[in-house]
Amino acid sequence: MRGGRRARWAVTWLGVAVVAGAGVLASVTLGGDAGERVVAVLGLAVAVLALGAPWAWRRPAAPVTASAAQLDAAAEALAHLVGEQWSREATLRRLFEPWPLPIVWTARQDVGSAQVTGIAEGVRYEGAEAVAAAWAGSPTRRLVLLGEAGAGKSACALQLTLALLDDERVTQVPVLVSATGFRPESETPAEWLARRLRRDYPLLADAERFGPRAAEDLLAAHRVVPVIDGLDELPAPRLEAALRALVVAGDPRAPLVVACRTAEFTAAAARCGGLPRAAVLVPSPVPVTDAIRLLTYADPTGRDAWRRVAVRLRADPAQPLAAVLARPLGVTLVRSLYAHGRGDPATLLDRDLFPDPAALEEHLLDAFVPALYERAAAQAPRMRHRDPERAERYLRFLSGQLQQRGTTDFAWWHLRDWTRLTCSRLAVRALAGAITGLMILPTVVRVSEQWAAIEGDDWRHIAAAKVLAAMLFLPALLTTADWFTRRRPSRSGALRTMLPAVGVASLAPMVVVLVEHLLFMGLSPLVMILTETGIVAYYVGLVLPVVVVVGLPVMPAEPRRGRFSFQGWRRRLGGACRRAASAGALVAVVIQLGSMAVYCLRARGPVQLSTSCATSVAVAPLIAGTVAGLLAAAAWWYERPGGPPVSSPCRSIRTDRTLRLGSALAGSLLINLDGAATLLPPTPMAAHLDAQDITRKLLTDWLTTFGPTGALIALAATCWPYYSLARLRFALTGQLPWRLQAFLADAHRLGVLRQAGAVYQFRHATLQQRLAHVPDHR
C-alpha cells in the first residue's frame with residue numbers, strides 16, 4: 001500500500017514538472033512580461049498538483065469483507081427487519097386469523113434422498129411450524145415446496161420465514177424473496193440475492209456499520225436463508241435457466257428454500273436436474289371439515305349458514321365447492337366474499353350456476369375485488385378509492401400490463417416502460433432538447449439582437465445557431481452519459497467518467513456554431529479554431545459542476561436511496577474531504593482553462609496568451625470549485641448510509657423524490673456557478689456592476705435560462721420524473737387513478753395486493769391472470 005502511494009505521488013510530481021516545463025517553454029516563445037510568465041507557470045503547476053493530490057493521497061481500499069462483529073450486527077439488524085416486515089404482511093393477509101389454515105405437507109424422495117436430507121419419504125408435517133422444525137433438523141437445510149396453483153405455497157413460505165425467525169436452533173436469517181426479478185442469463189444467484197437484499201433492506205448499504213459488502217458477506221458466510229417464492233412465475237425458458245443456475249452456480253452447502261408449482265419444477269428438473277441435497281415436500285388437500293371450521297370461526301355472524309353448508313357437503317362430497325375448499329386459495333376467496341354474514345354461502349352449492357369447480361372458482365375470482373371494495377365503502381365511507389367498478393378497471397389494467405411483461409412485480413419505477421413517452425430514449429432526449437430550446441429562446445433573441453447591433457450582423461442566424469446548439473447539447477449529453485455508463489457501469493459516478501462525457505457532448509453545439517460561422521461569418525481558420533475551442537470550454541464549464549454533484553443524467557435502473565445522518569461521521573469525514581477536494585479541483589481547473597480559452601487567447605498575428613488576463617480570471621474558478629466541492633461532498637455524505645431500514649413503495653418514492661428535488665435545486669444553482677462567480681467580488685467584472693445589476697442578472701439567469709436547464713439535467717438522473725410523466729399519461733386516459741400510490745396502498749390493505757419490499761404483487765398469480773383476461777364490459 002505504501003509503495004503504491006509513493007508511485008502515485010511520483011507520477012503526480014512528474015506531471016507537475018512536465019507541465020511547468022512546457023509552460024516555461026511556451027512563455028519564453030510567446031513573450032510577455034517576466035512576472036506574468038512566472039504567475040502563469042505557477043498557476044499551471046498548482047492546477048496539476050490540485051488534480052493529482054487527491055488521487056495520490058487516497059487511502060487504501062476498504063476491507064473487501066466485513067469483520068465478524070460487523071457480520072453479527074448485520075445479521076441481527078436483518079432479522080429484526082425481516083420479522084417486522086413479514087409479520088405486518090401476514091396480519092394484512094389474515095394468515096393467522098383466527099388460526100393458520102392447517103396444511104399437511106408430505107415428504108417425497110423423487111429428488112434427493114432421506115440419507116442426505118434426513119427427511120424420510122411419506123413423513124407428514126402439519127403446518128409451517130412443523131416444516132420449519134423439519135428444516136432446522138435436516139443436516140442439509142435445503143427444501144423444495146411443490147404444489148399446484150393455490151395450494152398454499154406462498155402462504156407457507158411466509159409462515160415458514162416467521163417460524164424460522166422464532167426457532168432458537170436456527171442461527172441464519174430467513175429472507176423471503178420473489179423469483180420474478182431473477183435474470184439468470186445476466187447474473188448469478190448470489191449476485192441476484194445480494195441485489196435483492198440491498199434493494200429490499202437499504203440499511204445493509206451502511207458500510208460504516210456493516211462493512212462495504214454486507215449483503216454479499218452474509219450470503220457467502222451462509223448467514224442468510226433465501227426463501228425463494230414464485231419460481232414458476234418465470235417464463236419456462238427462464239425458469240429452466242434459473243434452476244440450472246441454482247444447481248450449477250449455487251453453493252450446494254448453502255441453506256435454501258424454494259417454492260414452485262409441481263408441473264413446472266418437474267419439467268425443468270427433468271432437463272437440468274433437481275436441487276442437490278434438497279428435500280421435497282408436497283401439500284395434501286385441505287380437509288373440508290377444517291375449511292368449514294375456519295370459515296365458521298372467522299365469521300361468527302354466519303355460523304348457522306356455514307353449519308348448513310357443512311351438512312350438505314357431508315351428504316354430497318362431490319360438490320364443486322368441496323373441490324374448491326380443498327385448496328387454500330378457494331378458502332381465502334370464499335372467506336373474503338362471505339365474511340360478516342354478507343350473503344348466503346349456500347348459493348355456492350347451486351350446480352345449475354356452478355356445474356364444476358372451474359366455474360365456481362371463476363365466479364369467486366370475478367366477485368373477489370368488487371366484494372372487498374363494497375365492504376370497504378360501507379365500513380370506511382371516507383376511503384378515497386371506494387368505487388368497485390373503477391377500482392376493478394384500474395386493477396385490470398395493472399394485471400394486463402404485468403401479464404404482458406411476464407412478471408408479477410409492479411415496481412413503480414418500471415411504470416415508465418409502459419408508455420413510449422418515457423420508455424423511449426429518443427423521445428426523452430427530444431423532449432429534453434425541446435424544453436431547453438423553449439426556455440432559452442427569449443434570452444437568446446435579446447442577446448443576439450444586442451450583438452448584431454454592435455457587429456452589424458443579422459441577428460436571426462446568430463439566434464438560430466445558439467438555440468439549435470443548446471437544443472442539441474442536452475440530448476447529446478444524455479446520449480454520451482448513457483454510452484459511458486453502459487460501457488463501464490461501475491464508473492457511472494466516477495469523476496473520471498464525467499469530464500469525458502461532458503466534453504464529448506460539447507462537440508454537438510460546437511459543430512452547429514462551426515457551420516454557422518462557415519456560412520455567415522467568414523472568419524479566418526485560426527480565429528474559428530479558437531472560437532470553437534472556447535465554445536467547448538464554455539459548455540464544459542457550464543455543466544461540469546452539475547454532473548459532479550448530482551451525477552451523469554442517466555435513466556437509473558432502480559431508485560436511489562439516501563438519508564442524512566451523522567452516525568459514524570468520523571469515518572466518513574475523510575471520504576467527504578477527498579470527494580470535496582477531487583470535485584473542487586476538477587471543476588476549478590476545467591473552468592480556469594475554459595476561461596483562459598474564452599477570454600485570454602488572442603489570435604491577432606501569433607497566438608498569444610494574456611497572462612495578466614489568466615491571473616485576473618483565476619478567482620472565479622476558485623470560488624466555483626470550492627462551492628462545487630462542498631456540494632459534491634454533501635451529496636456523497638447523503639447517499640452513504642443507504643436510506644431507510646426497510647424499503648416500501650411509498651417510502652421509496654418519497655426518498656427518491658426528496659433526493660431528486662434537492663438535486664434539481666442544486667443543479668439549477670450550479671449551472672450558474674461559473675457566471676455567478678465572475679460577478680462577485682473580488683473578481684474584476686464586479687467592479688463595473690452595482691449590487692442591483694448583479695442581483696438582477698443572477699435572478700434572470702436562474703429563473704429563465706440556465707436554472708431550469710440545470711434542474712432538467714439533475715432530474716434526468718432519477719426515476720421519479722419518468723414515473724410522474726407516465727402516471728400523468730395514464731391518469732389522463734382514465735387507465736389509472738390520479739393518486740396511484742394511495743390506490744395501491746388501499747388495495748394492499750384490503751388484501752387485493754401484497755407487498756414485497758418496494759414492489760406490489762397481486763394477492764395470487766391466479767387472480768392476476770383472471771383480471772388480465774376478463775374483458776371490462778362496463
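When side chains are defined from C-beta on, V752 does not count as touching R763, because their heavy atoms never get closer than 4.5 Å. Within the 4.5 Å cutoff, the side chain of L197 has no heavy atoms near those of the E216 side chain. Between V170 and W135, the closest side-chain pair of non-hydrogen atoms falls below 4.5 Å. The side-chain heavy atoms of V177 and F182, taken from C-beta on, include no pair separated by under 4.5 Å. Between L231 and R261 the shortest side-chain heavy-atom distance does not fall below 4.5 Å. A heavy-atom distance below 4.5 Å is found between the side chains of V258 and L275. For the pair L243 and E240, the minimum side-chain heavy-atom distance is 4.5 Å or more. Inter-residue side-chain proximity for W86 and R93 is flagged as met; some heavy-atom pair is nearer than 4.5 Å.
Taking CD of Q741 as the reference point, atom OH of Y760 lies at 6.0 Å (rounded to 0.5 Å). Taken to the nearest 0.5 Å, the CD atom of E76 stands 11.0 Å off from the CG atom of L78. To the nearest 0.5 Å, atoms OG (S154) and CZ (R754) are separated by 4.5 Å. In this structure, CG in L162 is found 10.5 Å from CD in E89, a value given to the nearest 0.5 Å. To the nearest 0.5 Å, atoms CG (L92) and CG (L95) are separated by 9.5 Å. One distance of note links CD1 of I103 with SG of C156; it measures 6.5 Å at 0.5 Å rounding.
T161 contributes no side-chain N or O that, together with a main-chain N or O of P174, makes up a donor-acceptor pair within less than 3.5 Å. Using modelled atom types, one side-chain atom of T262 and one backbone atom of G147 make a donor-acceptor pair closer than 3.5 Å. The closest donor-acceptor contact from the side chain of R277 to the backbone of P252 lies under 3.5 Å. Not a single donor-acceptor pair under 3.5 Å links the side chain of H748 to the backbone N or O of L744. Listed for the E84 side chain is no donor-acceptor partner under 3.5 Å among the backbone atoms of L81. For the pair D251 (side chain) and R253 (backbone), a donor-acceptor distance under 3.5 Å is present. In terms of modelled atom types and a separation under 3.5 Å, the side chain of R405 and the main chain of Q401 share a donor-acceptor contact. Side chain of K153 to backbone of P283: no donor-acceptor contact under 3.5 angstrom is found. Within the 3.5 Å criterion, the main-chain N or O of A73 finds no donor-acceptor partner in the side chain of R209. Side chain of R141 to backbone of L256: no donor-acceptor contact under 3.5 angstrom is found.
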Apply salt bridge (charged side-chain N to carboxylate O under 4.0 Å, His left out) to residues R238 and E185 and explain how you reach the verdict.
CA-CA 8 Å; R238 184 169 290 170; E185 65 276 7; 3.3 Å; yes
Test side chain to side chain contact (heavy atoms under 4.5 Å, CB included) applied to V224 and L193, step by step:
CA-CA 10 Å; V224 170; L193 289 169; over 6 Å; no
Walk me through it: do L281 and V144 pass the test side chain to side chain contact (heavy atoms under 4.5 Å, CB included)?
CA-CA 6 Å; L281 298 183; V144 178; over 6 Å; no
Yes or no on side chain to side chain contact (heavy atoms under 4.5 Å, CB included) for I653 and W413, after CA distance, side-chain angles and deciding distance?
CA-CA 9 Å; I653 288 179; W413 57 92; over 6 Å; no
Evaluation steps, side chain to side chain contact (heavy atoms under 4.5 Å, CB included), between F210 and L71
CA-CA 6 Å; F210 308 126; L71 208 61; over 6 Å; no
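Between A132 and D167, the shortest heavy-atom contact is O-OD2, 4.4 Å. Looking at every heavy atom in both residues, P559 comes nearest to W412 through CB-CZ2, 3.6 Å. Of all heavy-atom pairs between L234 and A242, the closest is CD1-CB, 3.8 Å. Closest heavy-atom contact between L158 and A90: CD2-CB, 3.5 Å. Between P370 and E392, the shortest heavy-atom contact is CG-OE1, 3.5 Å. Heavy-atom minimum distance, Q159 versus A128: CB-CB, 3.4 Å.
Between the side chains of Q85 and Y201, a donor-acceptor pair is found at a separation under 3.5 Å. A donor-acceptor pair shorter than 3.5 Å can be found between the side chains of Q768 and Q403. A donor-acceptor contact under 3.5 angstrom links the side chains of T408 and E233, judged on distance only. When only modelled atom types and interatomic distance are considered, S178 and Q761 share a side-chain donor-acceptor pair under 3.5 Å.
Within 6.0 Å of OH on Y297 lie no more than 12 heavy atoms contributed by other residues, nucleotides or ligands. When the shell of 6.0 Å around CD of E362 is examined, it contains more than 12 heavy atoms from other residues, nucleotides or ligands.
Ring geometry for Y338 versus W306: interplanar angle over 60°, hence perpendicular rather than tilted (30 to 60°).
Taking the ring centroids of W418 and F410, they lie under the 6.0 Å cut-off. W105 and Y125 have their aromatic ring centers separated by at least 6.0 angstrom.
Taking 4.0 Å as the cut-off between side-chain N and carboxylate O, E187 and R195 count as a salt-bridged pair.
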